[in-house]
Each structure stands twice: as structure tokens, then as C-alpha cells.
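Each remark here refers to the structure printed beneath this line.
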Amino acid sequence: MYFISTRGGEKVTGAQAIVQGLAKNGGLYVPESFPAISRTEMDEMAQMSYPERAAFVLGKYLADDLGADYLKEICEKAYSTFDGHGKDPAPLVKIDKNMFVLELFHGPTCAFKDMALTVLPYLLKKSCEVTGIDDEILILAATSGDTGKAALEGFRDVPGTKVAVFYPDEGVAKMQRLQMCIQDGNNVFVAAVKGNFDDCQRAVKRLFASEEFNAKLAEKKVRLSSANSINFGRLAPQIAYYFSAYLDLYTSGQIEMGDKIDFVVPTGNFGDILAGWYAKQMGLPVRRLVCASNRNKVLADFFEKGVYDVKRNFFRTMSPSMDILVSSNLERLLFEISGRNAELTAERMQSLAEKKEYSITAKEKAILDEEFFGGFASEDDMIEAMYETFDEFGYAMDTHTGVALAVCAQYRETLEKEDDEIIDNTPVVVLSTANPYKFPQDVLYALSGNDVKDSFKGIKRLNLLTAMKPPKSLLDLRYRPLRFKTVVENDLNKMATEILKFADGQIVPVPDGGKK
Ligand SMILES: *Cc1c(COP(=O)(O)O)cnc(C)c1O
């Protein structure tokens with residue numbers, strides 16, 4: 001299978017798309033066509049374990065480049081790092097009639113990014129082999145909190161790779177920051193940027209596109225790649241859990257094969273939900289994808305009005321991994337709804353860069369109306385949804401999932417009713433993207449109204465309230481010295497300098513022994 005750029009002019013293999021991350025013209029790689037998964041194949045997949053299902057989906061895109069057996073082997077390895085040794089890395093929990101939560105946070109860093117970032121290093125290694133690249137690969141990632149840690153952990157001490165992560169100084173939760181700044185490994189670098197996630201992402205994308213910067217790295221025999229969801233290798237493993245959730249509903253007798261279901265996805269960079277849309281293009285019976293935003297509701301407005309407008313205030317919320325105004329992966333969806341018009345997609349992206357907005361046609365808007373529902377939750381809406389779900393069903397969730405639950409309720413209100421009762425029987429699967437213990441103070445506040453000053457006290461109280469077991473990796477953060485305290489200005493050259501120093505092998509030790 002070949003991959004093409006959303007902005008035209010390039011055609012590469014899957015392995016090349018994974019090594020490069022971003023197309024040379026700034027576009028994103030998309031599959032030349034969507035491979036189908038037939039009903040017969042779905043029946044076969046129903047009998048498979050999660051790693052086998054994931055390898056099967058990945059194989060549709062990458063088997064001719066990387067080999068089906070290799071994919072199976074790496075999915076087994078990647079998911080064996082999850083709770084319960086990967087027997088069920090993405091469990092589906094029923095919380096009410098027709099309401100399910102797909103828990104994607106059972107990986108080593110407690111967020112859904114692990115679903116893909118435990119697999120990506122293996123995909124990249126083989127992709128380098130088959131493309132004959134023996135340069136060192138430097139993974140450059142911008143993070144709103146969770147990608148950074150998952151990339152650091154996924155690539156830690158992987159031979160032939162280095163990882164540099166930039167996170168917004170004031171824009172991540174305490175546990176997320178600690179998780180990144182204590183990171184072990186001899187090939188890792190972490191720095192805060194004085195700005196928000198959009199600043200980090202923009203800078204990283206510009207560094208990818210900079211010939212000068214890439215030439216400097218090339219002199220050191222280093223080449224950039226991406227662990228953000230702009231890399232198709234990040235997206236592909238995420239398609240698998242949509243299939244797996246559907247198959248779990250089928251094998252547990254909740255649906256008949258072919259019945260349509262809805263998915264609700266807490267959304268930031270539009271990678272997770274786009275993977276769901278890709279699953280649908282491959283034949284998964286999905287009725288609607290519900291796109292849930294927090295107060296940074298650019299996407300909700302886009303789905304309502306057909307105008308993407310980033311001229312607005314940026315808010316810091318209790319769901320920091322969704323505090324994003326420029327959602328990169330929307331470009332892939334725009335490309336598709338425009339009838340794969342690369343010229344038009346490039347024009348829109350230029351308009352976004354220059355005028356901070358673009359709009360779509362009525363015909364394109366009609367496609368979105370059919371397939372998506374966009375909504376947003378205020379902080380109060382989120383808290384209410386978390387509290388009610390805990391109160392009524394005893395189910396505790398993180399703040400990002402809380403946003404999804406709140407928007408799910410808004411969506412359900414639009415469905416067909418009789419005597420005020422919703423009569424629609426379509427099952428809804430809400431994607432849960434983080435372990436509640438990653439945001440202990442906010443979750444505790446939402447569930448009980450209690451405000452504690454300290455995250456670790458938050459964990460203890462939350463444990464008493466919910467009886468859920470806190471992950472050891474989060475408890476241990478308390479006793480670990482910091483390894484990284486670098487803060488850089490929101491300035492491309494300064495960030496480039498840090499990366500070049502790191503590429504040269506300089507990791508400056510923290511002067512004060514890592515005191516917090
Ligand atoms: C990254 C993240 C999201 C948003 O996912 P996108 O793919 O960026 O839309 C939501 N919740 C959590 C906890 C995340 O880490």
C-alpha cells in the first residue's frame with residue numbers, strides 16, 4: 001500500500017511514511033485508498049486476542065512493507081507491557097443500558113497514547129530497516145501532556161533512536177509534568193516551552209519543515225521523525241481498538257454483526273477520533289462519531305458552522321490534554337470530504353496559517369452532519385457528568401473522559417424520543433483516555449467536592465473514595481528526583497539549539513540533584 005500527502009505531490013511506501021512522519025510539503029500522509037475489512041474477516045477477528053486483532057488491522061496498511069508475522073510479534077510484545085500482561089489491554093466496561101466505556105489507559109503511562117506508542121518504536125525500527133536508513137532517528141514531539149511521557153517510555157533506550165519532548169510550561173497537569181521530568185534513559189530529553197501546546201506544535205512542525213535544521217542534523221547523521229499523531233504509525237494502532245470494541249460487543253451478545261453503534265471521543269488534536277473515522281471507512285458499522293471538546297471549543301464550532309476559526313482566547317482547563325486550538329489531524333478529514341482535493345486542502349491550511357481561519361462548502365458540511373456530532377462541555381458540565389456517573393453507577397473516570405460523558409449526554413438529547421424517553425437503542429461507546437489517578441486533585445474535586453493541595457494526598461483520598469487501585473508508576477513519582485528542568489523561550493532558534501545540543505549527546509545534569 002502506498003501513502004500520499006494531503007497537500008499533493010508525494011507518493012511513498014508505508015515504511016517511508018512512518019520514518020518521515022510528515023510529508024515534505026508539510027502535508028500529512030494518508031493511505032492511497034482505504035483497505036476493507038469484510039464481514040467474514042470480522043467473524044474471524046471476533047475469535048482473536050487483542051494483539052492479534054491489532055496486528056490484523058495494521059496488516060491491512062503495513063503488511064506488504066513490514067510483514068504480517070512481524071506485526072503479530074510486535075503487537076504481542078507491545079501489549080504485554082499493559083496491566084494484566086496485555087490479555088485485555090482495552091477493556092470495554094458496561095455502565096448502563098446501551099452505555100459502554102472503552103478503557104484505553106491500562107498501558108505503562110496511564111493514558112491512551114500507550115495504545116500506539118508502545119507499538120510505534122517497533123514499526124519505526126523495521127521501517128528503517130526496509131528503507132535502508134541507518135541514520136540515528138530523533139523523535140521530536142510536542143505534547144499536551146500525555147504523548148510526551150508515552151513517547152519517552154516507548155523509545156527509552158531503544159538503540160538507534162533519541163527522543164526530545166517539548167511541553168507547554170504552564171499547560172500540563174502536575175502528574176504529567178513529573179512523569180516526563182523524572183524520565184529514565186540515556187536517549188531522552190525533555191524541556192518546557194514558555195507558551196501553550198499550539199506554540200509547541202507549531203514550532204515542532206516548522207522544525208520538521210526547515211531545510212537548514214534538517215541539514216544540520218544530517219551532518220550528525222541524525223534524521224527527524226514524529227511520535228505525534230501526524231505520523232501514520234501513531235494513527236494505525238488506534239484504528240484497531242474501534243474494531244476490537246465492536247467485536248467485544250458482538251461476542252458478548254450486546255449486538256448482532258452489522259448493527260451500527262456510536263462512539264464518543266474526547267478530542268484535542270483529532271487523532272483519536274480520526275482513527276475511528278478510518279475504521280468506518282474500512283467497513284466498521286459506525287453510525288456517528290461524537291467529537292467532544294472542552295472550553296477550547298474550536299471543533300464544536302467547526303461542526304456547527306463549517307468555519308474553523310482560531311481567533312479566540314485560549315483557556316487552561318482541567319482536561320489539559322485537550323487544550324488545543326489547532327487540531328492537526330483535521331487536515332486528513334478535510335482532504336477526504338473535499339473528494340481528496342490536495343490543492344484545496346493546501347489552500348485551507350495556508351489560510352489557517354495566515355488568516356487564522358478557513359471554511360468548508362455546504363456539501364462538505366452535509367457530509368460532516370451525517371457522520372459527526374460536535375459538542376463541548378464547560379468545566380461545570382464535566383464535573384456534573386463525572387459526579388453523576390460516579391453517584392449513579394459507581395464508575396470513576398478522568399477529566400477528559402468526563403468531557404466526553406457530558407457531550408455524550410448532549411448528543412443523546414438529540415436522539416429520537418417518545419414521552420420524553422429516548423427510544424433509540426443504538427449502543428454508545430465512550431472512549432476513556434486516561435487513568436483518573438493521573439489527575440487526582442481534579443477528579444477528587446469532581447466526585448466529592450473536596451479540594452486538596454497536594455496530588456499525592458489526592459491519590460490517597462481518591463483511593464478511599466473509589467476503592468480503585470492507584471497505579472504504582474504514579475505513586476512512585478513522589479520519590480523520584482527530577483532529571484529535566486530546562487525551560488526554553490517560545491522561540492524556534494532556541495528550541496533548535498537545545499535539540500542540536502542533545503543530538504550531540506549532551507544531557508546537562510540538573511544542578512541541584514533534582515529537587516522538586
Ligand atoms: C491526547 C489526549 C486526548 C486527545 O486525543 P487527540 O488524539 O489529540 O484528539 C484526550 N484525552 C487524553 C487523556 C489525552 O492524552
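All ligand and atom numbering here is 1-based and tracks the order in the structure.
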Are there any protein N or O atoms under 3.5 Å from the N or O atoms of ligand 1? List them with distances, or say none.
{"residue": "ligand 1", "atom": "7 (O)", "partner": "Gly271", "partner atom": "N", "Å": "3.2"}
{"residue": "ligand 1", "atom": "7 (O)", "partner": "Asp272", "partner atom": "N", "Å": "2.9"}
{"residue": "ligand 1", "atom": "8 (O)", "partner": "Asn269", "partner atom": "N", "Å": "2.7"}
{"residue": "ligand 1", "atom": "9 (O)", "partner": "Gly268", "partner atom": "N", "Å": "2.8"}
{"residue": "ligand 1", "atom": "9 (O)", "partner": "Asn269", "partner atom": "N", "Å": "3.2"}
{"residue": "ligand 1", "atom": "9 (O)", "partner": "Phe270", "partner atom": "N", "Å": "3.0"}
{"residue": "ligand 1", "atom": "11 (N)", "partner": "Thr433", "partner atom": "OG1", "Å": "2.9"}
{"residue": "ligand 1", "atom": "15 (O)", "partner": "Lys113", "partner atom": "NZ", "Å": "2.6"}
{"residue": "ligand 1", "atom": "15 (O)", "partner": "Asp146", "partner atom": "OD2", "Å": "2.4"}

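- In this view, Ser328 and Gln201, Lys205 satisfy the side chain to side chain donor-acceptor pair (under 3.5 Å) rule, not counting sequence neighbours.
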Using a 3.5 Å cut-off and no angle test, enumerate the donor-acceptor pairs between side-chain atoms of residues 382-395 and protein atoms at least two apart in sequence or in another chain.
{"residue": "Thr389", "atom": "OG1", "partner": "Ala385", "partner atom": "O", "Å": "2.6"}
{"residue": "Tyr395", "atom": "OH", "partner": "Glu103", "partner atom": "OE2", "Å": "2.5"}

Which atom pairs, one a donor and one an acceptor, fall under 3.5 Å between side chains of residues 469-478 and the rest of the protein, sequence neighbours left out?
{"residue": "Lys472", "atom": "NZ", "partner": "Asp476", "partner atom": "OD2", "Å": "2.9"}

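- From Asp398, atom CG reaches atom OG of Ser321 across 8.0 Å, with rounding to the nearest 0.5 Å.
- Proximity of the aromatic rings of Phe372 and Phe303 is defined here by a centroid distance below 6.0 angstrom, and this criterion is met.
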For this session: Show your reasoning for whether ring-ring contact (aromatic ring centres under 6.0 Å, His included) applies to Phe56 and Phe243.
Result: CA-CA 10 Å; Phe56 189 83; Phe243 277 96; 8.8 Å; no
